J.: 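Shown below is the structure under consideration.
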Amino acid sequence: MSSLDSIRKVLQNCQQEHLLKFEDQLNENEREIFLKQLSTIKFDKVNALFQKAKNSISEDVQKLDSRMQPISAQQCGSEKSASAEELLSYRKLGLEEISKGHVAVLLLAGGQGTRLGVSYPKGMYSVGLPSGKTLFQIQAERIRRVLNLAKEEHGTMGQIVWYIMTSGPTNATTKKFLEKNDYFGLSQDNVKVFQQGLLPCFDFSGKILLEEKNLVALAPDGNGGIYSALSNNHILKDMENRGIKYVHVHSVDNILVKVADPVFIGYCVTKEVECGAKVVSKDGPDEAVGVICKVDGKNQVVEYSEITNETANLRDSSGNLVFSAGNICNHFFTTEFLQKIADDYEPDLKLHVAKKKIPHVNDSGDKILPSSPNGIKIEKFIFDVFQFTERFVTWEVSRMSEFSALKNADSAKKDCPFTAKRDLLRLHKSYIEKYGGKVKDGVEVEISPLLSYSGENIEEKVKNKIFEETTILLSEEEDCLKKKIENCIKS
Ligand code: UTP
């Protein structure tokens with residue numbers, strides 16, 4: 001049987017034969033590409049996923065209020081309530097683990113950034129800081145700085161492997177960008193890019209959509225695709241070989257993210273948990289973020305749409321929101337736990353369905369760019385493993401210092417390039433003021449991540465200084481490079 005015949009048979013059995021509707025219009029090369037793509041898709045599994053996802057649509061609309069409880073007090077730590085000694089000891093321990101090479105960072109960079117609306121990966125976006133640095137550069141430089149802090153504290157320069165999860169749409173561009181920029185000073189050996197999986201997009205009846213006459217419409221399988229991607233790409237094995245015990249996982253779009261945060265890592269290690277989640281306190285009952293709580297006794301993120309107004313507004317005796325632990329996609333995992341998920345629980349992860357506008361080829365062979373949702377994408381979410389945790393904590397941090405997400409274009413006026421830049425510069429201004437400097441209103445002063453991770457190491461440069469014009473406070477290394485370049489230009 002030819003490969004076309006055998007694929008036709010599979011498609012017939014799975015009621016997806018329409019995918020071959022335009023096969024006789026393809027030239028040899030186009031047909032070859034198409035058959036190659038079709039042969040990589042496990043249609044029986046994909047159909048089963050659609051059925052499971054369809055069932056979860058009706059579950060999604062159920063409100064969970066009656067089954068929800070806040071996380072127990074022992075599981076909730078916070079920067080605000082911890083003592084100075086505790087914070088110092090968490091930081092010291094986190095830096096020790098870093099200096100021993102036990103810590104890796106895993107960056108979630110497989111999203112398509114549709115709301116931001118750029119055609120390249122979000123990590124390559126520059127929000128317009130005086131330095132022009134992109135999100136990728138800021139994050140890589142924070143890794144370099146925290147390695148130096150670990151060396152200062154413990155005498156050994158450890159290593160942090162930067163695992164970057166990309167997807168079909170972001171992989172090649174991300175790799176090229178990192179290579180072109182020399183991995184922003186990180187060792188190439190310690191930057192590992194790997195791809196998450198893709199899933200077909202469906203119409204509402206379960207028929208898979210064609211993006212072109214010879215191309216199935218595929219989309220990344222959500223940030224929860226991390227768990228299968230870790231084992232399919234042998235990343236867990238790589239972690240084991242390198243002696244990595246703890247992984248800090250975060251989204252690409254939080255400009256304030258403390259990458260490999262030693263305090264968070266030290267806290268989770270001290271509490272001997274297998275998973276931890278950083279949270280920020282919801283800014284009010286109506287903020288549309290997921291909250292971490294318990295549902296039927298299990299740790300879980302409950303989306304804003306899954307609770308009633310009444311529950312969102314519940315307050316305790318001190319007037320604080322009962323469900324206020326806003327999830328910010330910033331997690332700690334032990335590698336042992338990641339292995340357990342990959343081995344035992346991945347197939348049980350919940351499937352989320354998003355109704356989307358999916359460009360496709362219609363029955364007449366015309367390319368359609370829909371103006372309203374015409375189909376569904378199936379996604380897994382990273383936080384859906386919380387229910388499988390036996391030892392889990394949350395760590396509440398200040399939004400002002402740690403969370404400002406880049407989700408939208410500026411027209412949205414929220415979680416956009418304008419707010420990301422504003423929030424970073426506002427934080428830097430607060431660091432400068434803490435050490436006796438002043439920044440005039442409207443003046444932009446940026447602190448390089450290579451100079452300072454969280455406000456340390458700047459006193460000499462800012463004390464009793466008034467900043468009246470745009471300034472970038474640079475590390476020694478950057479200063480030298482700048483001077484060299486200036487000299488070159490002069491001569
Ligand atoms: P979001 O859910 O905000 O999605 O991702 P997004 O792709 O950035 O933006 P929209 O929704 O298309 O506008 C949160 C984090 O999860 C990653 C993103 O890259 C981001 O860091 N992500 C999302 C993945 O790694 N893979 C995915 O399939 C989806």
Side-chain angles (χ1 to χ4, degrees), residues 49 53 105-125 127 134-136 138-140 162-171 173-175 177-178 192-201 217-230 232-233 235 247-257 259 277-278 280 288-290 301 303-305 326-331 333 346 349-359 373 376-385 403-412 414-417 419-420:
L49 276 184
V105 168
L106 201 163
L107 174 63
L108 302 169
Q112 290 173 288
T114 40
R115 285 169 288 172
L116 181 61
V118 289
S119 58
Y120 51 84
K122 226 192 248 184
M124 288 166 55
Y125 195 85
V127 298
T134 59
L135 293 171
F136 279 144
I138 293 170
Q139 290 166 26
W162 198 25
Y163 294 100
I164 301 177
M165 184 174 83
T166 59
S167 60
T170 64
N171 185 59
T173 326
T174 300
K175 275 183 155 167
F177 184 71
L178 293 170
K192 268 195 93 94
V193 180
F194 66 100
Q195 275 193 71
Q196 68 177 101
L198 296 166
L199 284 174
C201 305
L218 296 173
D221 57 358
N223 58 21
I226 178 184
Y227 303 106
S228 52
L230 281 174
N232 295 342
N233 294 284
I235 299 296
V247 188
H248 182 211
V249 185
H250 63 83
S251 61
V252 70
D253 49 25
N254 174 12
I255 197 164
L256 303 183
V257 64
V259 189
K278 257 193 198 186
V280 295
V289 293
V301 172
E303 299 285 7
Y304 181 65
S305 54
N327 179 43
I328 57 170
C329 196
N330 191 320
H331 311 307
F333 295 107
E346 203 284 328
L349 282 184
K350 184 174 170 184
L351 299 177
H352 298 258
V353 171
K355 292 181 182 161
K356 299 261 179 177
K357 294 179 238 171
I358 302 166
I376 63 161
K377 290 185 180 178
I378 298 177
E379 289 189 331
K380 297 179 183 182
F381 290 169
I382 186 164
F383 56 68
D384 279 328
V385 297
F403 185 58
S404 175
L406 175 64
K407 297 285 182 195
N408 308 309
D410 272 333
S411 53
K414 193 175 174 287
D415 300 336
C416 58
T419 53

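In this chain, residues are counted from 1 in sequence order. Bear in mind the structure is a predicted one, so any value in this text is a computation, not a measurement. Atoms within a ligand are numbered from 1 in the order they appear, just like the ligands themselves.
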J.: Numbering the atoms of ligand 1 from 1, which are under 4.0 Å from a heavy atom of M165?
T.: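 Ligand 1 atoms under the 4.0 Å threshold to M165: 25 (O).
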
J.: Do me a favour and list the nearest non-hydrogen protein atom to atom 5 (O) of ligand 1 with residue, atom name and distance?
T.: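 Here the closest protein heavy atom is K407 NZ, 4.1 Å.
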
J.: Hey, what's the ring geometry for F383 with H352, parallel, tilted or perpendicular (30° and 60° as the breaks)?
T.: perpendicular

J.: Where's the contact between S251 and ligand 1, heavy-atom distance under 4.0 Å: side chain, backbone, both or neither?
T.: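 S251 to ligand 1: contacts from backbone and side chain alike.
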
J.: Measure from atom 28 (O) of ligand 1 to every heavy atom in G110, G168, G222, S167 and give the option owning the shortest one.
T.: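 It is G222 that holds the nearest heavy atom.
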
J.: Identify which one of T170, T166, N232, I164 satisfies the side-chain contact (heavy atoms from CB on, under 4.5 Å) criterion when paired with Q195.
T.: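 Of all the options given, the one that passes is T166.
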
J.: Which of these, D253, T419, T114, N254, sits in a side chain to side chain donor-acceptor pair (under 3.5 Å) with K407?
T.: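 Testing K407 for a side chain to side chain donor-acceptor pair (under 3.5 Å) against D253, T419, T114, N254 leaves exactly one candidate, D253.
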
J.: Output yes when a side-chain donor or acceptor of K122 lies under 3.5 Å from a complementary backbone atom of L116, and no otherwise.
T.: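 Between the backbone of L116 and the side chain of K122 there is no qualifying donor-acceptor contact (under 3.5 Å).
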
J.: Given that the side chain starts at C-beta and the backbone is N, CA, C, O, which of these parts of R115 lies under 4.0 Å from ligand 1, counting heavy atoms, or is it both or neither?
T.: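 It is both parts that get close, each with some atom under 4.0 Å.
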
J.: Can you list the residues that meet the salt bridge (charged side-chain N to carboxylate O under 4.0 Å, His left out) rule with D221, with sequence neighbours excluded?
T.: none

J.: Measuring from atom 22 (N) of ligand 1, which candidate in G224, A409, G111, G225 has the nearest non-hydrogen atom?
T.: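 The option holding the nearest heavy atom is G111.
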
J.: For atom 6 (P) of ligand 1, what's the nearest protein heavy-atom neighbour? Residue, atom name and distance, please.
T.: G113 N, 3.8 Å

J.: Kindly indicate whether the side chain of I235, heavy atoms from C-beta on, has any atom under 4.5 Å from the side chain of M165.
T.: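 When only atoms from C-beta onward are counted, M165 and I235 do not touch, as no gap falls below 4.5 Å.
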
J.: When you compare ligand 1 with L116, is there at least one nitrogen or oxygen pair between them that comes in under 3.5 angstrom?
T.: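 Checking ligand 1 against L116, no N or O pair falls under 3.5 Å apart.
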
J.: For K380, check salt bridge (charged side-chain N to carboxylate O under 4.0 Å, His left out) against everything at least two apart and list the hits.
T.: E346

J.: Starting from atom 12 (O) of ligand 1, locate the nearest protein heavy atom and write down its residue, its atom name and how far away it is, to 0.1 Å.
T.: T114 OG1, 2.6 Å

J.: Closest non-hydrogen protein atom to atom 21 (O) of ligand 1, residue and atom name please, with distance?
T.: L108 O, 2.6 Å

J.: What protein heavy atom is closest to atom 16 (O) of ligand 1, reported as residue, atom name and distance in Å?
T.: N223 ND2, 3.2 Å

J.: Among all the protein's non-hydrogen atoms, which is closest to atom 26 (N) of ligand 1, and how far away is it?
T.: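 The protein heavy atom lying closest is Q196 OE1, 2.7 Å.
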
J.: Identify, for atom 8 (O) of ligand 1, the protein heavy atom at the shortest distance, and state residue, atom and that distance.
T.: K122 NZ, 3.0 Å

J.: Is the backbone of I382 close enough, under 3.5 Å, to the side chain of Y227 for a donor and an acceptor to pair up by distance?
T.: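 Judged by distance alone, yes, a pair lies under 3.5 Å.
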
J.: Output yes when a side-chain donor or acceptor of S167 lies under 3.5 Å from a complementary backbone atom of Q112, and no otherwise.
T.: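 Flag not set: sc S167 to bb Q112 has no pair under 3.5 Å.
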
